Amino acid sequence: MAFGCGYSFALLLRIGGNADDINAEDIRKTKWLLGKYTDLVDVIKNYEYSLEQIKNGMSAYDLLSAEGSVAKRVTGQELTADVTANTVLLKDQRHINYKFYLLITNNIRFAISNIRDAHEGLAAKLLFMDGMKYLKAQQYMSREYKKGIHGISATTFADKRRKAIENLAKSLKVNRTLDFVIIDYGRGRNQEGEIGLRMPEVN
């Protein structure tokens, strides 16, 4: 959401919520979302590859067939009467998903790039954007990785990771990204509930 020059910072906070007002559920949502970042990027890349194949002459139906007939059922009925129409429906839904995942991943990248502390920012990049394992990232940051920025101990790395997640939770709450992460405590769920992304409704 873009804000013009006439909006005060106080108004921004009223619209987006208090940046410091995060709780354990916000942290849980943030950790889950950060853990899904590389998966979402893979989906985006695969879809862009599919679009490139279509541009190069492969029809949407041929592409779906090549992918193993992903869409045998769309509305609970076999695709026998109108394959073309259903293929277009699937293609449109995939594009909606693609745009949604682009929004989520762009917001995560923006939040990480705006972390002010150099160690926190690098820890977030290595762990969440690059998908590096915890111990490997900790070892990487134990040495001086950039002139003038010293290496840190394992204990300090753990603290920097925790603070990075807290800062990202604040950013992702203010820019409303966490609104799309839902924890379902409904019937049949365990006490912790099931966590996932909720697609925004499209009119």
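This is a predicted model, so every value here is computed, not measured.
- Every residue two or more places apart in sequence or in another chain was checked for a side-chain contact (heavy atoms from CB on, under 4.5 Å) with Asp42, and none qualifies.
- Ion pairing between Lys170 and Glu166 fails under the 4.0 Å rule for side-chain N and carboxylate O.
- A distance of 6.0 Å or more separates the ring centres of Tyr101 and Tyr47.
- Considering only heavy atoms from C-beta on, Leu103 stays 4.5 Å or farther from Lys99 through its side chain.
- Of all heavy-atom pairs spanning Phe157 and Met141, the tightest one is CE1-SD, 3.6 Å.
- For Ser142 (side chain) and Gln139 (main-chain N/O), a donor-acceptor pair under 3.5 Å exists by modelled atom type.
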The test is side-chain contact (heavy atoms from CB on, under 4.5 Å); show your working for Asp117 and Lys163 and say whether it passes. CA-CA 10 Å; Asp117 183 280; Lys163 289 180 179 177; over 6 Å; no

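- Here the CG-OH distance, from Asp39 to Tyr37, works out to 11.5 Å after rounding to the nearest 0.5 Å.
- Side-chain contact between Trp32 and Leu197 is present, with heavy atoms from C-beta onward closer than 4.5 Å.
- Among the candidates Ile165, Asp159, Ile112, Asn167, the single residue satisfying the side chain to side chain contact (heavy atoms under 4.5 Å, CB included) test with Glu120 is Asn167.
- Each of Phe128 and Phe110 belongs to its own hydrophobic cluster when Ile, Leu, Val, Met, Phe, Trp and Tyr are linked at side-chain heavy-atom distances under 4.5 angstrom.
- Between the side chains of Asn97 and Arg94, no donor N or O sits under 3.5 Å from an acceptor N or O.
- Residues Leu172 and Ile182 do not share a hydrophobic cluster, clusters being chains of Ile/Leu/Val/Met/Phe/Trp/Tyr side chains in contact below 4.5 Å.
- Annotation: Arg162, atom CZ; neighbour count of heavy atoms from other residues, nucleotides and ligands within 6.0 Å is above 12.
- Separation of atoms CG (Asn107) and CG (Leu102) is listed at 10.5 Å; rounding is to 0.5 Å.
- Summarising the geometry, atom CD belonging to Gln138 is positioned 11.5 Å from atom CG belonging to Leu126; distances are rounded to the nearest 0.5 Å.
- Counting only heavy atoms from C-beta outward, the side chains of Leu122 and Tyr140 approach each other to under 4.5 Å.
- For Glu25, the side-chain contact (heavy atoms from CB on, under 4.5 Å) criterion is met by Asn23, Lys29, Ile183, Tyr185, not counting sequence neighbours.
- Atom-to-atom distance recorded for Lys36:NZ and Thr105:OG1 is 15.0 Å, nearest 0.5 angstrom.
- Screening residues 127-136 for side-chain hydrogen bond (donor to acceptor under 3.5 Å, both in side chains), with sequence neighbours left out, gives Lys125-Asp130.
- For the residue pair Gly121 and Ile115, the shortest heavy atom distance occurs at N-CG2, 3.6 Å.
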Evaluation steps, side-chain contact (heavy atoms from CB on, under 4.5 Å), between Ile22 and Thr30: CA-CA 11 Å; Ile22 59 169; Thr30 300; over 6 Å; no

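- Atom CG of residue Leu33 and atom CG of residue Asp26 lie 12.0 Å apart, to the nearest 0.5 angstrom.
- Within the 3.5 Å criterion, the main-chain N or O of Asp21 finds a donor-acceptor partner in the side chain of Lys173.
- At least one donor-acceptor pair under 3.5 Å links the side chain of His119 to the backbone N or O of His150.
- Note that CE of Met129 and OG1 of Thr38 are 11.0 Å apart. Values are rounded to the nearest 0.5 Å.
- Considering all non-hydrogen atoms of both residues, Leu127 and Ala137 come closest at CD2-CB, 3.8 Å.
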